[in-house]
Amino acid sequence: MSRTLFDKIWDAHAVRELPGGLTVFYIDRHLIHEVTSPQAFDELTVRGLTLRRPGQMLATADHNVPTRHQNQPIQDPLSRSQVDKLTENCARHGVELYGLGHANQGIVHVIGPELGLTQPGLTIVCGDSHTSTHGAFGAIAFGIGTSQVTQVMASQCLLLDKPRRMRITVDGELAAGVSAKDVILHIIAALGTGGATGYFVEYAGSAIRALSMEGRMTVCNMSIEMGARGGLIAPDATTFDYLQGRPYAPQAENWNRAVAYWQTLPTDADAVFDAEHHFEASAIRPMITFGTNPGLGMPLGATIPVLTDVAEAAGLEKSLRYMGFTAGESLLGQEISHVFIGSCTNSRIEDLRTVAAFVKGRQKAPHVEAIIVPGSQQVARQARAEGLDQVLAAAGFELREPGCSACLAMNEDKIPAGAYCVSTSNRNFEGRQGPGARTLLASPLVAAITAVEGRLVDVAEYVQQLADV
Amino acid sequence: MEQFQTLRSGVVPLPVENVDTDQIIPARFLKATTRQGFGKNLFADWRYGADGQPKTGFVLNDPRYQGHRILLAGQNFGCGSSREHAAWALYDAGFRVVVSSYFADIFRGNALNTGLLPLQVTEPELQALFAAVAADSDLALTVDLAAQTLSVPGRSEPIRFELDAYKKECLLNGYDDIDFLLSQESAITTFEQNRPWIF
Ligand code: SF4
């Protein structure tokens, strides 16, 4: 019978199907970080259990860590205790930890792929909703709650009901200045925050195929923002090229066997999905969000919609009141005081290159605070090796040390109340970047242009200059 | 996990859609390393002003709804971050049931693993419930988990709700998935001996 990519991996990992529909589902890789693991370790201890497969786990410290002076003790006592707890737990239970100061430290969804831990055909979980990022490699990857973290620790399995399957096809070519981030913001704006709830989404089509691994990760990363359990993309030559030679990738003769297996994974030609959506790549424009959920996005030059449905309009109005915008308004010319380039959505080397290429020889606007937080130590090293740090510093951008940073503002990196921040992260919820902060989600290029202009401009003006860089 | 069988309680109405887990418990309160104590920061940014004082307009600060253990919320409740702390905060604040017309997937699972019942009704039923609570702030609903019913005073038929049979058993008995998964030990070990996708 014809099967989808998702079905093939799912079937391979179903230990047992129970009457009633739940599946005992096996997990190959378990990533943990300091915020959602301490209670899970405690629960394990309380029940007198041990880790079933510590070798299939990997830990890092990312959510809480400062992005300055990482070589010094963490100032905030609560953050420090959480990070210390992780170190203690990992030592006690024999889990590999890439903590602060380690050459492999970084945002959990950035380091898994760059180390080659994330591979096609695997099942990957983490107590973090953006685990969907790893689906870019053709893996089933999804976020879990802390109770489930304990379950995986103890049994290497979860009890799951099988999600429905959705395919989102994006065909055609993206216009200049339009990136993977714009693709996913466009899709979420069309489908809404609940548009894929209950589904696992496969992204397909020529525009998706044409994306780099970095771009594919950006797309899969935000699957959760439309309610999807996860997103995935069929592995192909781009995937294999990215993985080959990475520390945890299959080596020597195993490599050819692995590739042969991975090539069997893509969705069969006549497989059927429970839902299908199609988008035309050439119709996608550089996007910006104007509200307090990621579904409230529009092309930069557009006007904020005026809704007629009463219930929906009420939700939108609450959102606009928080943002200080009005329905029917254009955001062009809107002054912006903060620009944040980072997070597991857009903090990889390609993102830093995009920003550096644009700001080279330019200056950020004097009133803008622009910070760039690389996703990992490896990204930071690469940026230095390419001289991007010099370019960014010359343009007035502050290049920080790796972590989640202002994506969720658990550390010192907060956006002040009322301030507007153009952010390359994934969530524009009320207060996400600090109490009262107003977040506008965009691509790294839009963020870079905004930092230079100090206000929102139509990126179309820059397309010519882009062609030159 | 605590058992849940029946509950008769007043309701706290929160007619807001797409309530994300960053609202339920803002990230800066996630630094604790135990499960307890999150209740005081439930909906912190809606509940307290910058000075830390309760905001009068917010429903959790309204004396009429104190002690009520059922939260009635707009659709797509619990979207966003996977933080189970959101379910813990609701539980710690005394809630045992959240009624909505839609729950985000991860939140639904987290709630069930915490002993908090995510009770899904249709959108018209949800709107009728909001109207009933608006008319009578003391309205007490009865949730009967075994019967899978939600009884509303003045309504002839109770509302029937769906719940996975296994999850229902767990909640009724206070079991969680770990107990079950550990009982699958031999099947899991057999499975682990043959994973041809690991290279
Ligand atoms: S960067 Fe943001 S979204 Fe990504 S893991 Fe960190 S906090 Fe979560």
Drop me the distance from [X]'s [atom1] to [Y]'s [atom2], to the nearest 0.5 angstrom.
X         : Y         : atom1 : atom2 : result
Phe142(A) : Asp105(B) : CZ    : CG    : 11.0 Å
Asp161(A) : Lys167(B) : CG    : NZ    : 9.5 Å
Gln36(B)  : Gln39(A)  : CD    : CD    : 9.0 Å
Leu296(A) : Asn18(B)  : CG    : CG    : 8.0 Å
Phe199(B) : Glu253(A) : CZ    : CD    : 12.5 Å

Ion pair [X]/[Y], N-O distance below 4.0 Å:
X         : Y        : value
Glu34(A)  : Lys31(B) : no
Arg432(A) : Asp45(B) : no
Lys318(A) : Glu17(B) : no
Asp179(B) : Arg47(A) : yes

Does any backbone or side-chain atom of [X] lie under 4.5 Å from a heavy atom of chain B? Answer side chain, backbone, both or neither.
X         : value
Leu408(A) : both
Asp28(A)  : both
Leu18(A)  : side chain
Arg16(A)  : side chain
Ile144(A) : backbone
Ala14(A)  : backbone
Ala12(A)  : both
Asp76(A)  : side chain
Trp262(A) : side chain
Gln251(A) : neither
Gln433(A) : neither
His63(A)  : neither

field: From Leu181(B), Asp176(B), Ile178(B), residue fulfilling side chain to side chain contact (heavy atoms under 4.5 Å, CB included) relative to Thr150(A)
entry: Ile178(B)
message: If you apply the rule side-chain contact (heavy atoms from CB on, under 4.5 Å), what do you find for Asn113(B) with Gln148(A), and how did you get there?
response: CA-CA 8 Å; Asn113(B) 285 332; Gln148(A) 291 175 306; 3.9 Å; yes
Most contacts with chain B, counted as non-hydrogen pairs under 4.5 angstrom, among [options]:
options                                    : result
Leu78(A), Thr146(A), Asn411(A), Asn64(A)   : Thr146(A)
Thr197(A), Asn254(A), Asn293(A), Val149(A) : Thr197(A)
Ser81(A), Cys126(A), Gly198(A), Gly20(A)   : Gly198(A)
Leu22(A), Ile224(A), Ile9(A)               : Leu22(A)
Thr36(A), Leu158(A), Asp42(A)              : Leu158(A)

field: Residue pair Arg83(B), Ser129(A): steps toward the side-chain contact (heavy atoms from CB on, under 4.5 Å) verdict
entry: CA-CA 8 Å; Arg83(B) 59 188 73 159; Ser129(A) 57; over 6 Å; no
Worked verdict on Arg28(B) versus Met410(A) for side-chain contact (heavy atoms from CB on, under 4.5 Å): CA-CA 5 Å; Arg28(B) 62 186 186 282; Met410(A) 270 190 90; 5.6 Å; no
Which region of [X], side chain (C-beta onward) or backbone (N, CA, C, O), has a non-hydrogen atom less than 4.5 Å from a non-hydrogen atom of chain A, or is it both or neither?
X         : answer
Tyr102(B) : side chain
Phe180(B) : side chain
Ile106(B) : side chain
Arg108(B) : neither
Ser183(B) : neither
Ala187(B) : both

Taking the side chain as C-beta and beyond, is there a heavy-atom pair between [X] and [Y] under 4.5 Å?
X         : Y         : value
Asp20(B)  : Thr193(A) : no
Ser147(A) : Glu84(B)  : yes
Arg427(A) : Ser81(B)  : yes

- prompt: Crowded around Arg8(B) CZ? As in, over 12 foreign heavy atoms under 6.0 Å?
  reply: no
query: Has Tyr175(B) got more than 12 heavy atoms of other residues, nucleotides or ligands less than 6.0 Å from its OH?
result: no
For chain A, which candidate among [options] shows the most heavy-atom pairs at distances under 4.5 Å?
options                                  : result
Pro15(B), Ala32(B), Ala104(B)            : Ala32(B)
Arg35(B), Gln127(B), Met1(B)             : Arg35(B)
Thr33(B), Leu182(B), Leu30(B), Thr114(B) : Thr33(B)

message: Between Arg52(A) and Thr189(B), do the side chains contain a donor N or O and an acceptor N or O under 3.5 Å apart?
response: yes
- prompt: Any side-chain donor-acceptor pair under 3.5 Å between Trp197(B) and Gln119(A)?
  reply: no
message: As a quick check of understanding, evaluate side-chain contact (heavy atoms from CB on, under 4.5 Å) for Arg195(B) and His13(A), giving each step before the final call.
response: CA-CA 9 Å; Arg195(B) 287 190 296 147; His13(A) 289 80; 5.8 Å; no
